[in-house]
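A quick write-up on the structure given underneath.
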Amino acid sequence: MSSHVSAPSLGKHRDVIRAVQVRTSDDTAIIQDLPRGENQVAHGFPVTPVFDALSNFTLSWKVGTHMEMSSYVHDIQPLLYTDAPNTGADVVVMRLRYYKADYADDSSTAPNGRTHITLEPFDFVRRQVERPDSTFFLSDLYIDNATGLPSEVRYAGGDDIVFIVDYGFVEGHYLITRGHYEETLHGPFHIGRLHVLADVTYDQFAFPTTPPDPRLAPPPSLPPAPISTPSPAAPH
């Protein structure tokens with residue numbers, strides 16, 4: 001994958017070509033900056049390609065003085081819905097507790113078009129946030145009408161945060177194909193501001209049937225716990 005990190009106000013930018021091999025079941029990854037960077041075990045960078053952006057999650061990221069970037073998601077809690085029997089629909093939403101939802105002007109019902117839904121958190125939701133400067137909310141959802149799956153998920157929040165995840169099909173697998181993140185960073189006591197942007201393109205996917213690196217081999221299964229049986233009672 002390729003990533004581009006920039007701080008326009010400083011005229012700084014950096015391009016990184018990074019090979020990532022990830023075990024998606026637990027987000028364990030082998031990462032190496034090409035051609036001769038450090039080879040390390042870490043999380044899938046910047047997020048694992050099977051990450052579900054329609055979840056509750058925490059995004060941890062930072063940018064260093066040389067425009068090096070680290071990023072991963074954790075504490076993922078997928079949004080769960082029950083089946084909608086006898087309706088012909090996949091999901092029926094009775095109400096949205098946290099967001100006001102509307103169809104955008106460019107939303108389309110055409111079979112080959114995209115449904116565009118805008119989402120705005122209610123004021124009571126914003127007031128409950130403990131760290132408003134680092135919290136972001138869903139802002140836009142694009143759905144591919146042909147598949148019924150999200151093609152783009154957007155978040156926005158404090159400190160000019162924008163987080164975008166694009167999805168597509170690669171060899172029959174529904175995966176992230178592009179990511180974007182930007183935020184305004186502050187110095188101590190909020191003295192000084194620096195707006196940083198990062199764009200990541202996922203490419204050159206491969207789907208091996210065996211682990212490409214021994215460190216990605218599935219952990220050994222624990223042996224089943226022995227079943228204890230009571231000893232025969234001693235005769236009285």
Heavy atoms from other residues, nucleotides or ligands near CZ of F169 exceed 12 (cutoff 6.0 Å): yes
Separation of I117 CD1 from R114 CZ (nearest 0.5 Å): 12.0 Å
Derivation and outcome, side-chain contact (heavy atoms from CB on, under 4.5 Å), residues E182 and D160: CA-CA 7 Å; E182 59 182 274; D160 308 315; 5.6 Å; no
Linked, directly or transitively: V165 and L59 (ILVMFWY side chains, under 4.5 Å): yes
H74 vs T58, side-chain hydrogen bond (donor to acceptor under 3.5 Å, both in side chains): CA-CA, chis, key distance, verdict: CA-CA 5 Å; H74 51 99; T58 300; 4.6 Å; no
Given V196, V47, V73, the one that forms side-chain contact (heavy atoms from CB on, under 4.5 Å) with W61: V196
M1-Y72 co-clustered via ILVMFWY side chain contacts under 4.5 Å: no
Side chain to side chain, Y181 and P46, heavy atoms closer than 4.5 Å: no
CG on D106 to OH on Y142, rounded to 0.5 Å: 5.5 Å
Under 3.5 Å: donor-acceptor pair, side chain of D133, backbone of D159: no
Donor + acceptor pair across side chains of T28, D26 (<3.5 Å): yes
NE2 on H116 to CG on D102, rounded to 0.5 Å: 10.5 Å
Whether Q32 side chain and G37 backbone form a donor-acceptor pair below 3.5 Å: yes
Transitive ILVMFWY side-chain link V129 to L119, under 4.5 Å: yes
Joint cluster assignment, V162 & L138, ILVMFWY side-chain distance < 4.5 Å: no
CA sep, side-chain torsions, deciding dist, call: Y174, T147, side-chain contact (heavy atoms from CB on, under 4.5 Å): CA-CA 11 Å; Y174 178 66; T147 64; 6.0 Å; no
Other residues, nucleotides, ligands: >12 heavy atoms within 6.0 Å of Y103 OH: no
Spacing of R36 atom CZ and E38 atom CD [to the nearest 0.5 Å]: 15.0 Å
Ionic contact status for D140 with R154, cut-off 4.0 Å: no
Atom of Y202, atom of R178 and distance for their closest heavy-atom approach: CD1-N, 3.9 Å
In one Ile/Leu/Val/Met/Phe/Trp/Tyr side-chain cluster, 4.5 Å: L197, L194: no
T115 vs N145, side-chain hydrogen bond (donor to acceptor under 3.5 Å, both in side chains): CA-CA, chis, key distance, verdict: CA-CA 7 Å; T115 298; N145 293 345; 2.7 Å; yes
Gap between atom OG of S134 and atom CD of E183 - 0.5 Å precision: 7.5 Å
Nearest atoms (heavy-atom pairs only) where V200 meets S3: CG2-CB, 3.8 Å
Where S2 and I17 come nearest, the two heavy atoms and their spacing: CB-CD1, 3.5 Å
Straight-line distance of I143 CD1 to S108 OG, nearest 0.5 Å: 12.0 Å
N/O donor-acceptor pair under 3.5 Å between Y167 side chain and A53 backbone: yes
side-chain contact (heavy atoms from CB on, under 4.5 Å) between I30 and V20, worked out: CA-CA 6 Å; I30 309 298; V20 181; over 6 Å; no
Side chain to side chain, L54 and L141, heavy atoms closer than 4.5 Å: yes
Intermediate values then yes/no, side-chain contact (heavy atoms from CB on, under 4.5 Å), R18 and F45: CA-CA 9 Å; R18 180 166 288 179; F45 174 87; 3.3 Å; yes
Nearest heavy-atom neighbours spanning S55 and Y155: O-OH, 3.6 Å
Residue pair T48 / H43, side-chain heavy-atom distance below 4.5 Å: no
L216 backbone acceptor or donor facing R23 side chain under 3.5 Å: yes
Minimum-distance pair of heavy atoms, taken over all atoms of A217 and P211: CA-CG, 3.7 Å
Exercise: identify the closest heavy-atom pair between F122 and R97: CD1-O, 3.6 Å
Donor-acceptor side-chain pairing of S151 and D144 below 3.5 angstrom: no
Test of ring centre spacing under 6.0 Å for F51 and F57: yes
